[in-house]
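Report on one structure; see the data block that follows.
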Number of protein chains: 2
Amino acid sequence: MVELSDGTVPAATVGRLPYYLRALRDLAAEGVGLTSSTELAERSGVSSAQLRKDLSYLGSFGTRGVGYDVESLASYITVALGLETEHRLAIVGIGNLGHALANYSGYATRGFQVVALLDASSDVVGTRVADVTVEHVRGVAEVIQRERVSMVVLALPGNVAQDVADAVVGAGVREILSFAPVALQVPDDVVVRSVDVGGELQILAFHAATRAAAL
Amino acid sequence: MVELSDGTVPAATVGRLPYYLRALRDLAAEGVGLTSSTELAERSGVSSAQLRKDLSYLGSFGTRGVGYDVESLASYITVALGLETEHRLAIVGIGNLGHALANYSGYATRGFQVVALLDASSDVVGTRVADVTVEHVRGVAEVIQRERVSMVVLALPGNVAQDVADAVVGAGVREILSFAPVALQVPDDVVVRSVDVGGELQILAFHAATRAAAL
DNA sequence: TCATGTGAAGGAATTCACAGCG
DNA sequence: CGCTGTGAATTCCTTCACATGA
């Protein structure tokens, strides 16, 4: 019996749902209709106990003694992640990274649409990138209203990220993905996810140094 | 008294060290010479207790009743992260993202150098990107040897990521940063950090959906 | 019988609150 | 006295191991 739980899903579990969904879509693409917690966990890079525990927070989707139906489990996770509704994105900062993000093809297999691009440089404002005309960041609030933007991606230098975040939050956005290596100060009801490439490399450097020290 | 600890630093702590280092460098750039756990924590987006606990795993760097010397704490974290040695990077996959990463200027303020670029498409092999000539990925093992590459960045589609990872690991690389949305299978002594932009957006979508459901 | 789903146990990370030291 | 450094308490997450039910 399928039953969705209440709203209490651990953050760590939410963070893994995209991996499960990815693995399920891969399985579906391979024509696999039925899977097990062992197989799905292996493809997702977690333990089978972890996978089952995670799914238990969302409800009960499998058949004991059998496994999980790939299609239907994918559907449930899709719904749980809120991917059945369209999410309209604006990207602020059309430098190297912003360009790449604007052109990023498979936005996690639909659900996301880039509807606005903004920048502060007159070099790019007015140009078209990925079929969208770049507008000046000073009009960010208006653009967000006009395009009904619900998520903003910040691909800009750390020193201006906070100002843009303030403007974006003021315009009603509650979900931000930031590539700027700064801790953004936002109200409690705003969710910020941060991706820091430099930081990731530093973490790898730490492991390299630890390995070297162990010799 | 400054004393470095043994090699047991929690993974969660390691993940935050880059934020502390960033905040310290900002402070130094502003001409601040002395800081407190409260100030530094605020700029890093963590609690002051968290910061002090994290630092305690590395050693003892502050002065009770006073605070931390910005320069020297930055130095210690730099050493702890292994950033005093040069790290030679290869980027595999010179698409939109690979381009952006190759041109990414401040590689976390030095310590990292892009010494090789590889791709499988004849459209880009042979071209120069960020002063480096793109080579064919089939020669990845040779390139890694020749350029003494110690870290590899994978900016390529999920379906080929595992093959390249295998080749790269076979050539002796033990640190990988992957932008491919797949769980790479690697030996225990290889460290893989994964950045999944699509996944981050899905996590934001989950929060948006949860918010909507709460109304 | 077999793999799911889940209480219970165990481990890790965070927070608390204060001892310790300049 | 003030702020660091840290045991203790708490909370959160993961793993275990088995009851459950198709």
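Convention: sequence-line order gives letters A, B, ...; per-chain numbering from 1.
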| task | May I ask you to decide whether A:E175 forms a salt bridge with A:R193, counting only side-chain N to carboxylate O separations under 4.0 Å? | result | no
- Query: Any ion pair linking A:E30 and A:R43 (charged N to carboxylate O, less than 4.0 Å)?
  - Reply: yes
Winner on side-chain proximity to A:R64, out of C:dC18, C:dA3, C:dT14, is C:dA3
Which of C:dG5, C:dC16, C:dT14 is nearest the side chain of B:A49? It is C:dC16
[X] side chain near [N] phosphate (N/O to OP1/OP2, under 4.0 Å):
X	N	value
B:Q50	C:dA13	no
A:S37	C:dT4	yes
A:S60	C:dG5	yes

With heavy-atom distances below 4.5 Å as the criterion, would you say the side chains of A:V115 and A:V132 are in contact? no
Footprint ends on DNA chain D, 5' to 3', for atoms under 4.0 angstrom from a heavy atom of chain A, come out as D:dC13 to D:dA22
Between B:P10 and A:Y68, the residue closer to the 5' end of DNA chain C by nearest nucleotide is A:Y68
Measure from [atom1] on [X] to [atom2] on [N] and round the result to the nearest Å.
X	N	atom1	atom2	answer
B:D69	C:dG22	CG	P	17 Å
B:L55	C:dT14	CG	C1'	15 Å
A:L51	C:dT4	CG	C1'	10 Å
B:D54	C:dC16	CG	C1'	16 Å
A:K53	C:dA8	NZ	P	11 Å

Note to self: Donor-acceptor check, side chain of B:T13 to backbone of B:V9, threshold 3.5 angstrom: yes or no?
What the structure shows: no
Problem - Side chain B:S44, main chain B:V46, donor-acceptor under 3.5 Å - result: no
When A:T13 and A:R52 are each assigned the nearest nucleotide of DNA chain D, the 5'-most assignment goes to A:T13
DNA chain D nearest-nucleotide lookup for A:A12 and B:T35: closer to the 5′ end is B:T35
Can you see whether A:R52 engages A:S37 through a side-chain donor-acceptor pair at a distance of less than 3.5 angstrom?
yes
What one should report as the nearest heavy-atom pair of B:R16 and B:D54 is NE-OD2, 2.7 Å
Open item on the list: Once you apply a heavy-atom cut-off of 4.0 Å, does B:S47 come out as touching a base, just sugar-phosphate, or nothing?
Closed with: sugar-phosphate
